[in-house]
Visitor: 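Take this structure first; my questions come after.
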Amino acid sequence: MSVKIYNTLTRKKEAFQSLEAGHIKLYVCGITSYDYCHIGHARSALAFDMIVRYFRYLDYKVTYIRNFTDIDDKIIARASEQNTSTEELANRFINEFYMDMDRLGVDRPTMEPKATEHIQEMIDLISELIDKDMAYAANGDVYYRVGSFAEYGKLSGRKLEDMQAGARIRVNENKDDPMDFVLWKASKPGEPSWKSPWGAGRPGWHIECSAMSRKYLGDTFDIHGGGQDLIFPHHENELAQSEAASNKPYVTMWVHHGFVTIRDEKMSKSLGNFLTIRDILDHYHPEVLRFFIFSTQYRNPLDFSEAAMQDAMAGLNRLYECLAAVNALGDNCSDTVAPVAGNKDIRKINALEGKFQTAMNNDFNTAQAQGCLFETIKVINKIIRQLPDCPSIQDTKLLQKSGETIKKLAGIMGILQEDATEYLAARKAEMLAKTDISEAEILTYIEQRNQARDDKDWARSDEIRDSLLNKGIELKDGPDGTGWSVKRS
RNA sequence: GGCGGCGUAGCCAAGCGGCUAAGGCACUGGUCUGCAAAACCAUGAUUCAGCGGUUCAAAUCCGCUCGCCGCCUCCA
């Protein structure tokens, strides 16, 4: 069964087939590095991290290229504000980006080319376009002649006439046509610049991706990804440049993920309503953010809120609780006791991997895939509950094996990768740190309460329990004594 | 104005023409408990924004209406 992917170019889900058998070539637009990254950037990195991991799980070789835009107007402006060079600024935020990515556990792409290290490739590509009369130089700038590419607009579904009618584009007397876009910009005094046949300048934004993808992946490659906001003009222009130069299809599948919103508005730097990755990771475990991001399919908008993060944490905890219970099974099992798991249970547990794949094959439907995980842990929990003190060897083997499968599959989304017991203990400690009470104090209260319970002084016992609850601590009386947890706020 | 997307239980979210409309969070009931909590089990949409249409059959396809969002300028 093949993977179906929604292709922005055709606006349909299509069965994916790699150009080269068993090898996928993927290019994703990375960040412009002039500031800290926000949750939207995290979603992008995570979405493609998941896609790459899933393809690798399916035994594909994946060549994954993600660029850094390290020269552009914003970088120049920001560097000048901060009295530093564009190079220093860009590299600083590339390092910050790596710190965020490492905390999120995002796998590194195969290569991460920087725009400034591929100026020659861009100049070459621009020269080819000029030779074909698809581009023209004017006063040190070079522009792409949009009108000469008959299919211009095919990715974003726009017609040239419509765009011109509603154009909000500044009039630029260097351009033959207002829709033409810049390939090379003459530099102003003091700005970083590179030598070119058209004078000192720097590349336009769109040309970098065309040049770098061609260098590392060839004229035609399998998948090009990015955020939905890049469809127009960035990807439309890239496509126009590349296809005009090569006369070949640029990309088979265009994959665009949805935005992270906050109160249903797009999170963006220009709106100023963004939360940085590190803001979130200071409050939540990276896997909570991953669980949250994968709780909806990558193309849908995802609304960020504290409540949603709390929900995600609760859901992830439930999965970890199950794995912790499986870990706790131990090896003292018997081969004489009848197993608890029935055929139906075994069938359900064994169906997990197939169902998970079906979900993922459907345009990487991680929401559905998470559902498969929960369905399975429901069966596991049921079995564990029925287990005798000395469970049968069949049951323990079944549970341990399914625990391994769950971890393997969840790993595609980058969740459930920690030791379950340690994860839960760490979350508990974090939650405790937010209360005004220490574990020692709690244990003292529990002891006092146990004394009261032994004396059947229920009033005193309940009083202690209520006072702890007021401090956010919930008690749980179990067969092995009294445990405690921090109440969800 | 042009283009695109979305509207499914209290909230989040699958479902892409036909099996009882996944799953999570919350709620409620049960098991457990001195009573609770936690955990586990169970329960919840005769219905998928509204109205029409196509079809033997529609949440799923088509049309219209209403509402929300995004792109058309840098943006993941």
Side-chain angles (χ1 to χ4, degrees), chain A residues 4 8 11 13 28-32 34 37-48 69 72-74 77 153 156-159 161-170 205 225-234 236 256-261 264-271 274 291-292 295-297 299-303 305 307-308 310-316 318-319 321-322 325 355 359 362-363 365-375 377-378 381-382 384-386 453 456-459 461-462 465-466 468-469 473-479 482-485 487-488:
Chain A
K4 277 188 166 172
T8 306
R11 291 171 208 290
K13 272 187 206 172
V28 175
C29 291
I31 58 160
T32 298
Y34 69 98
C37 289
H38 58 65
I39 316 175
H41 298 109
R43 187 182 196 188
S44 175
L46 254 17
F48 291 104
T69 296
D72 92 322
D73 290 347
K74 281 194 171 159
S156 57
R158 290 151 212 264
K159 293 189 195 91
E161 310 87 76
D162 295 340
M163 288 188 271
Q164 280 162 337
R168 281 198 262 162
I169 294 160
R170 268 176 264 108
W205 178 33
Q228 283 170 353
D229 48 359
L230 298 184
I231 297 171
F232 190 88
H234 185 52
E236 190 71 72
H256 294 101
H257 66 262
F259 303 126
V260 176
T261 60
D264 289 323
E265 254 189 350
K266 182 183 171 186
M267 184 182 286
S268 72
K269 290 186 180 168
S270 33
L271 286 170
F274 63 92
F291 183 96
F292 165 68
S295 66
T296 188
Q297 203 261 359
R299 281 188 290 119
N300 294 146
L302 176 64
D303 199 50
S305 68
Q310 293 288 333
D311 280 3
M313 188 154 78
L316 187 61
R318 194 168 129 89
L319 293 173
E321 298 274 7
C322 174
K355 284 178 135 183
N362 181 20
D363 201 18
N365 196 330
T366 52
Q368 200 174 12
Q370 285 185 350
C372 299
L373 259 24
F374 280 104
E375 278 180 343
I377 66 147
K378 195 181 250 189
N381 283 334
K382 196 187 86 186
I384 288 179
R385 194 177 159 71
Q386 293 169 351
R453 292 176 74 210
K456 304 233 185 289
D457 183 355
W458 308 127
S461 158
D462 290 354
R465 188 176 64 204
D466 290 345
L468 279 173
L469 191 59
I473 306 300
E474 281 178 323
L475 296 185
K476 319 173 193 180
D477 298 324
T482 301
W484 60 275
S485 67
K487 199 173 184 306
R488 178 178 165 174

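Note on naming: letters A, B, ... go to the chains in the order of the sequence lines (proteins, then strands), and numbering restarts at 1 for each one.
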Visitor: Taking only the P atom of each, what is the distance from B:rG29 to B:rA37 in whole angstrom?
Guide: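 B:rG29 and B:rA37 have their P atoms separated by 9 Å.
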
Visitor: Could you tell me how far apart A:I377 (CD1) and B:rA39 (P) are, to the nearest whole angstrom?
Guide: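 So the CD1-P distance, A:I377 to B:rA39, works out to 11 Å.
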
Visitor: May I ask you to test the A:K476-A:T482 pair for a side-chain heavy-atom distance under 4.5 Å?
Guide: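 No, too far: nothing below the 4.5 Å cut-off.
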
Visitor: Mind checking the CG-NZ spacing from A:L271 to A:K266? Nearest 0.5 Å is all I need.
Guide: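 Reported value, rounded in 0.5 Å steps: 8.0 Å.
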
Visitor: Using the C1' atom as the reference point in each nucleotide, state the distance between B:rC56 and B:rG30 in Å, no decimals.
Guide: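 These two C1' atoms come out 44 Å apart once rounded.
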
Visitor: Please identify each residue that fulfils salt bridge (charged side-chain N to carboxylate O under 4.0 Å, His left out) with A:E375, with sequence neighbours left out.
Guide: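 Scan of A:E375 (salt bridge (charged side-chain N to carboxylate O under 4.0 Å, His left out), adjacent residues dropped) gives A:K355.
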
Visitor: Using the C1' atoms only, state how far B:rU20 lies from B:rU43, rounded to an integer number of Å.
Guide: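 The same atom, C1', in both gives a distance of 15 Å.
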
Visitor: Mark up nucleotides 21-31 of chain B, 5' to 3', with B wherever a protein heavy atom is under 4.0 angstrom from a base atom, S wherever such an atom reaches only the sugar-phosphate, and - elsewhere.
Guide: -BSBSS----B

Visitor: Below 4.0 angstrom from OP1 or OP2 of B:rA14, is there any side-chain N or O of A:N365?
Guide: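 Indeed not, no polar side-chain atom of A:N365 lies that close.
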
Visitor: Which whole number of Å gives the distance between the P atom of B:rU60 and that of B:rU33?
Guide: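 Here B:rU60 and B:rU33 have their P atoms 50 Å from each other.
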
Visitor: Under 30°, 30 to 60°, or over 60°: which ring-plane class applies to A:F274 and A:H38, parallel, tilted or perpendicular?
Guide: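 Judged by the thresholds at 30° and 60°, the geometry between A:F274 and A:H38 is tilted.
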
Visitor: A:G40 near the nucleic acid: base, sugar-phosphate alone, or nothing, with a heavy-atom cut-off under 4.0 Å?
Guide: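 If one applies the 4.0 Å heavy-atom cut-off, A:G40 turns out to touch a base.
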
Visitor: Specify the separation, in whole Å, of atom CG of A:L469 and atom P of B:rC35.
Guide: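 Distance, rounded to whole Å: 18 Å.
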
Visitor: At under 4.0 Å, does any side-chain N or O of A:T261 touch on OP1 or OP2 of B:rC69?
Guide: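 Negative; the distance criterion is not met.
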
Visitor: I'd like a list of close polar pairs between nucleotides 2-7 of chain B and the protein, N/O only, cut-off under 3.5 Å.
Guide:
residue: B:rG2; atom: O2'; partner: A:D162; partner atom: OD2; Å: 2.9
residue: B:rG2; atom: N2; partner: A:R158; partner atom: NH1; Å: 3.3
residue: B:rC3; atom: O2'; partner: A:S156; partner atom: O; Å: 3.3
residue: B:rC3; atom: O2'; partner: A:G157; partner atom: O; Å: 3.4

Visitor: Measure from NZ on A:K382 to P on B:rA39 and round the result to the nearest Å.
Guide: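 One finds 19 Å between P of B:rA39 and NZ of A:K382, rounded.
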
Visitor: I'd like to check the salt bridge (charged side-chain N to carboxylate O under 4.0 Å, His left out) partners of A:D72; sequence neighbours left out, ordered by chain and number.
Guide: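 For A:D72, no residue satisfies salt bridge (charged side-chain N to carboxylate O under 4.0 Å, His left out) once neighbours in sequence are set aside.
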
Visitor: So A:L230, base contact, sugar-phosphate only, or nothing? Heavy-atom distance under 4.0 Å.
Guide: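 Sugar-phosphate: the residue A:L230, judged by heavy atoms under 4.0 Å, touches backbone atoms but no base.
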
Visitor: Would you classify A:Q297 as touching base, sugar-phosphate or nothing, given that sugar-phosphate means primed atoms plus P, OP1 and OP2, and contacts are heavy atoms under 4.0 Å?
Guide: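 Answer is sugar-phosphate: A:Q297 comes under 4.0 Å of backbone atoms only.
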
Visitor: Once you apply a heavy-atom cut-off of 4.0 Å, does A:S268 come out as touching a base, just sugar-phosphate, or nothing?
Guide: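 Answer is base: heavy atoms of A:S268 come under 4.0 Å of a base.
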
Visitor: Any donor-acceptor pair, under 3.5 Å, between the side chain of A:K74 and the base of B:rC74, if you only look at N and O atoms?
Guide: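 Result: at least one qualifying N/O pair found.
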
Visitor: Please work out if A:V260 contacts a base, only the sugar-phosphate, or nothing of the nucleic acid, heavy-atom cut-off 4.0 Å.
Guide: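 Touches a base.
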
Visitor: For the atom pair CZ (A:R318) and NZ (A:K378), what is the distance rounded to the nearest 0.5 Å?
Guide: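 These two atoms lie 7.0 Å from each other.
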
Visitor: Between the side chain of A:D303 and the main-chain N/O of A:D264, is any donor-acceptor distance below 3.5 Å?
Guide: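 Indeed, once roles are kept as given, a pair shorter than 3.5 Å links the two residues.
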
Visitor: Counting only Watson-Crick pairs (N1-N3 plus N6-O4 or O6-N4) and G-U wobbles (N1-O2, O6-N3), all under 3.5 Å, who is the partner of B:rC32?
Guide: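 Its partner: none found.
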
Visitor: The criterion is salt bridge (charged side-chain N to carboxylate O under 4.0 Å, His left out); which residues satisfy it with A:D457, sequence neighbours excluded?
Guide: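 Applying salt bridge (charged side-chain N to carboxylate O under 4.0 Å, His left out) to A:D457 gives none.
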
Visitor: Rounded at 0.5 Å granularity, tell me how far CD in A:Q370 sits from CZ in A:F291.
Guide: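 Those atoms lie 4.0 Å apart.
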
Visitor: Report yes or no: does A:S295 contribute a side-chain atom to a donor-acceptor pair with the main-chain N or O of A:F292 at less than 3.5 Å?
Guide: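 It does hold such a pair.
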
Visitor: What is the nucleic acid contact for A:N362, judged by heavy atoms within less than 4.0 Å: base, sugar-phosphate only, or nothing?
Guide: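 Result for A:N362 = sugar-phosphate.
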
Visitor: Both distances under 3.5 Å, Watson-Crick or G-U wobble: report the partner of B:rU55, or none.
Guide: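 Paired with no nucleotide.
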
Visitor: Suppose we screen for ring-ring contact (aromatic ring centres under 6.0 Å, His included). Which residues come up paired with A:H256, at least two apart in sequence or across chains?
Guide: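 Applying ring-ring contact (aromatic ring centres under 6.0 Å, His included) to A:H256 gives A:H235.
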
Visitor: Base, sugar-phosphate, or nothing for A:H256, non-hydrogen atoms under 4.0 angstrom?
Guide: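 Counting heavy atoms under 4.0 Å across all strands, no contact is made by A:H256.
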
Visitor: Looking only at the side chain of A:H38 (C-beta and beyond, no hydrogens), which of the listed nucleotides B:rC71, B:rC74, B:rA76 gets closest?
Guide: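 It is B:rA76.
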
Visitor: Compare side-chain N and O positions of A:K266 against OP1 and OP2 of B:rC71 and report whether any pair is under 4.0 Å apart.
Guide: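 Answer is yes, contact under 4.0 Å.
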
Visitor: Checking all strands, does A:H234 fall into the base, sugar-phosphate, or nothing category for heavy-atom contacts under 4.0 angstrom?
Guide: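 Touches nothing.
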
Visitor: Watson-Crick or G-U wobble partner for B:rA49, using a 3.5 Å limit on both distances?
Guide: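 Result: B:rU65.
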
Visitor: Less than 3.5 Å between a donor and an acceptor, one on the side chain of A:R465 and one on the base of B:rA36, is that the case here?
Guide: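 Flag set: donor-acceptor pair detected.
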
Visitor: Is A:I231 touching bases, backbone alone, or none of the nucleic acid, heavy atoms closer than 4.0 Å?
Guide: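 Nothing: the residue A:I231, judged by heavy atoms under 4.0 Å, touches no strand.
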
Visitor: Using purine N1 to pyrimidine N3 plus N6-O4 or O6-N4 for Watson-Crick, or N1-O2 and O6-N3 for G-U wobble, each under 3.5 Å, what pairs with B:rG70?
Guide: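 Here B:rG70 is engaged in a pair, and the nucleotide opposite it is B:rC3.
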
Visitor: Could you tell me whether A:D477 contacts a base, only the sugar-phosphate backbone, or nothing, with contacts defined as non-hydrogen atoms closer than 4.0 Å?
Guide: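 Contact class for A:D477: base.
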
